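In what follows, a single structure is set out as structure tokens and then discussed.
If you're wondering where the values come from, they're calculated on a predicted model, not measured in any experiment. In the text below, chain A, chain B and the rest are named by the order of the sequence lines, each starting its count at 1. FYI, side chains are in, hydrogens and waters are out, and symmetry mates aren't considered; it's all heavy atoms of this structure.
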2 protein chains.
Amino acid sequence: MSSCDTCVVRNRAICAALDNKEIAALSAIGRRRKLEAGEPLIWEGDDSVLVANVIEGVLKLSTGTEDGREQIVGVVYPSDFIGRPFGATTRHSVTALTDANVCVFSRADFDGFASEHPALEHKLLQRTLSELDRTRHWMLLLGRKSATEKLATFLLDMSERLVQPGCESESGALESFELPFSRQQVADLLGLTIETVSRQFTQLKRDGIVELPSRRAVVIRDRATLEALAG
Amino acid sequence: MSSCDTCVVRNRAICAALDNKEIAALSAIGRRRKLEAGEPLIWEGDDSVLVANVIEGVLKLSTGTEDGREQIVGVVYPSDFIGRPFGATTRHSVTALTDANVCVFSRADFDGFASEHPALEHKLLQRTLSELDRTRHWMLLLGRKSATEKLATFLLDMSERLVQPGCESESGALESFELPFSRQQVADLLGLTIETVSRQFTQLKRDGIVELPSRRAVVIRDRATLEALAG
DNA sequence: CGACACGTTGATGTTAGTCAACTTTGGTGG
DNA sequence: CCACCAAAGTTGACTAACATCAACGTGTCG
């Protein structure tokens, strides 16, 4: 029996392009894999040997300089696609931020399957185009925004992206959520240092714009001001 | 007669996926358009009404904040694809940097055509995946590199990307080239100010690493050092 | 020849980075 | 259960890098 039958992202991942028979064929070349928080899935510079769908959890994509500076270049959520099909090498690492559950394929197998299923490639194309738009937009933050603007933008982005499918609030954005990032990871995402991130959090708290009930919890108290600060 | 017959990027653009009959059909829905340096093709936030292939020239993709700060988020060269198929709006502007020649399609027409030609979509997918990799890698520069590292990385990148197809030097990179950017545009690409860019150029010249025969001309004198500086 | 956009250079200011001490949190084992 | 420890986060003092403001070249095109 296909594990896809019970897959919670069956209708949101690129698999949604496939009918039951096709899904069975795809299922035959994929397998589930569990990852613990912090566990790497793919290393930067590796031959591109696997691709995957995220079923559960959050993972980061990152690159770094030789002397150890790191930049997070993407964050993936359930139903997102991971890896580099149709290409020889991977240009960034993939690491689980939370415990995660992914559906992995050998890249060669996936490439072959995708080439024979245009509907799947179409979904993947749409996703990739959206991701490119999002990534390009993030470049504005990295290149041109101040530390305050960066953190404000980040929190607003999180409040939108951490919404669970099905469990939507009326507005489509959360006022209260748990970050899947440590302070260091927030810094690596925003192109700042951990100290600067910490100071910006403290500032927002002091100004009554957010509450920080625990290390990773955030409550947005004054969204309007936060939006104004986001630039 | 199809203008594709004389198209210099016929075999490098995504059109290479199509046979002569298909090309004729694509040609029927596209038209050539000339752009002058500085002329915009698409505005940020516009409804996505057109897509295009670059035939000749260099164009920038850019976004900005409301208060006028700008970030260049991509640069496209002959044979590259422009625009946002399968999506309602465009998240960044497209502007010619040099006089340019593009082959434009209405987005709706292109979407329809692409959906019926999986080989075309496949090419587009490959291109989009590569562009995403490149864009993500650039995030490391924006988020984590110093001004010196940024300019060195930029010049090395240019020396590779400005190579004319067919006219390759032995190594595959140019020692001497003409930038398609003003100092301000270099600044917008690197997330710096024009003054900082200017100072970094002067520094590289003083150190004998590059020569600057004219405003936009660059000669790399000491590639090894430049690579070391790129971080 | 002169006007103007583009680029360079210098002086100064501000932001975020660095270095270091200290506090809080959460997990572990006595 | 609580004491202790390591890891994570915060805060402060200081510094460095880049931005800002302003003046001054320089090349280009009518």
Nearest whole Å is fine: how far is [N] [atom2] from [X] [atom1]?
X: A:L192; N: C:dT14; atom1: CG; atom2: C1'; value: 15 Å
X: B:R183; N: D:dA19; atom1: CZ; atom2: C1'; value: 18 Å
X: B:E149; N: D:dA16; atom1: CD; atom2: P; value: 17 Å
X: A:Q185; N: D:dA8; atom1: CD; atom2: P; value: 9 Å
X: B:Q200; N: C:dG10; atom1: CD; atom2: P; value: 15 Å
X: A:K205; N: C:dT24; atom1: NZ; atom2: C1'; value: 11 Å
X: A:Q184; N: D:dT10; atom1: CD; atom2: C1'; value: 14 Å
X: B:F201; N: C:dT9; atom1: CZ; atom2: C1'; value: 16 Å

When you measure from the side chain of [X], which nucleotide among [options] comes out closest?
X: B:E195; options: D:dC18, C:dA20, D:dT20; value: D:dT20
X: B:R215; options: D:dG9, D:dT11, C:dA5; value: C:dA5
X: A:R199; options: D:dA13, D:dA22, D:dC18; value: D:dA13
X: A:T193; options: D:dC18, C:dT18, D:dG9; value: C:dT18
X: B:S198; options: D:dG9, D:dC18, C:dG7; value: C:dG7

Checking all strands, does A:S146 fall into the base, sugar-phosphate, or nothing category for heavy-atom contacts under 4.0 angstrom?
-> sugar-phosphate
Reckon A:S214 touches a base, only the sugar-phosphate, or nothing at all at heavy-atom distances under 4.0 Å?
->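 No contact.
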B:R216 or A:T196, whichever maps to the more 5' nucleotide of DNA chain C | B:R216
[Y] versus [X], side-chain donor and acceptor atoms under 3.5 Å:
X: B:T63; Y: B:Q71; answer: no
X: A:E70; Y: A:S62; answer: yes
X: A:R84; Y: B:S130; answer: yes

Short question: side chain of B:R161, backbone of B:V75 - any donor-acceptor pair under 3.5 Å?
->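 Yes.
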Electrostatic pair B:E131-A:R136, nearest N-O below 4.0 angstrom =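 Salt bridge: yes.
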Is B:T202 near enough to C:dT9 that one of its side-chain N or O atoms lies under 4.0 angstrom from OP1 or OP2?
->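 It does, given that an N or O in the side chain of B:T202 lies less than 4.0 Å from OP1 or OP2 of C:dT9.
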Start at the 5' end of DNA chain D and walk down; is the nucleotide closest to A:L212 or to A:R144 reached first?
->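 The residue whose closest nucleotide sits nearer the 5' end is A:L212.
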